[in-house]
Amino acid sequence: MSKLFVSEHPLIQSKMAMLRDAETGAKEFREIIGEVAMLLSYEATRDLPLKEVQVQTPVDVAQCRTIDTKLAIVPILRAGIGMTEGLLRLMPTAKIGHIGLYRDPNTLLPVEYYCKLPADVEERTVFLTDPMLATGGTAEAAIGFLKDKGVKKIIFLCILAAPEGVKKIQEAHPDVDIYAAAYDKCLNDHGYIVPGLGDAGDRIFGTK
Ligand code: URA
């Protein structure tokens, strides 16, 4: 069973209060999404593998450790893009991919309409981002598409998670850990997270 990590950090809690506020405008919302994503990526990178290295200081040789995996950030279009800058602040050497999915109205199956990934993505630890883990259908499919392309290590980052989405990912992809800034109680009849923060994509890009 994959891990669900929900941050209790006071900085994240305070920023979540601002994000949830319906009065928060697009500029501020976008900035705070980036800040929360950055703080969450600090938590989500905690278990990355390390290797021993020797570093020559001005005084002596120090035994140090550095991250022993290549990294990639893959936002799910469109709202996931809002989290990219925040992750890049802590992982500036990460390569960035993008994945876009829509649901076929006839088959209801997820269809990949856009996918551009680093050439060596299968060798990288991939941080897949989407601010809202609601039904989990998109995230489940995106993880499946990444695995089809050979990716072995995926960590899913969202701002808000709902029980339905967490259950879907944990059942379909028990190897994928989920990091969330908050865990809400349910979805409403329109698939919105309750109490949630509204449509994350619209609020990030000011398209509401
Ligand atoms: N997507 C959103 O942007 N908001 C929700 O509450 C659910 C899905």
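Whatever order the structure lists them in is the order used to number ligands and atoms, beginning at 1. Quick caveat: nothing in here was measured; it's all calculated off a predicted structure.
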Original post:
If you group Ile, Leu, Val, Met, Phe, Trp and Tyr by side-chain heavy-atom gaps below 4.5 Å, do V6 and I159 land in one group?
Top reply: no
Subject >> Contacting atoms of ligand 1, where contact means under 4.0 angstrom from a heavy atom of A134 >> reply: 7 (C), 8 (C)
**OP:** Calculate, to the nearest 0.5 Å, the distance between atoms CD1 and CD belonging to I99 and E112 respectively.
**Re:** 5.0 Å
Original post:
In terms of residue, atom name and distance, what is the protein heavy atom nearest to atom 7 (C) of ligand 1?
Top reply: G191 O, 3.4 Å
Subject >> Between CE on residue M83 and CE on residue M38, distance to nearest 0.5 Å >> reply: 12.5 Å
Subject >> ILVMFWY cluster, I178 and L187 together (side-chain gap under 4.5 Å) >> reply: no
Original post:
OG1 of T24 to CG of L197: how many Å apart, nearest 0.5 Å?
Top reply: 10.0 Å
Original post:
Short N/O distance, under 3.5 Å, between I193 and ligand 1?
Top reply: yes
Original post:
How far is atom 3 (O) of ligand 1 from its nearest protein heavy atom, and which residue and atom is that?
Top reply: A200 N, 2.8 Å
Original post:
Out of curiosity, does F5 fall in the hydrophobic cluster containing F127 (side-chain heavy atoms, cut-off under 4.5 Å, transitive links)?
Top reply: yes
Subject >> Enumerated ligand 1 atoms positioned under 4.0 Å from heavy atoms of M132 >> reply: 1 (N), 2 (C), 3 (O), 4 (N), 5 (C), 6 (O), 8 (C)
Original post:
Does A79 reach ligand 1, in the sense of a heavy atom lying below 4.0 Å from it?
Top reply: no
Original post:
Does G198 reach ligand 1 with a nitrogen or oxygen that is under 3.5 Å from one of the ligand's nitrogen or oxygen atoms?
Top reply: yes
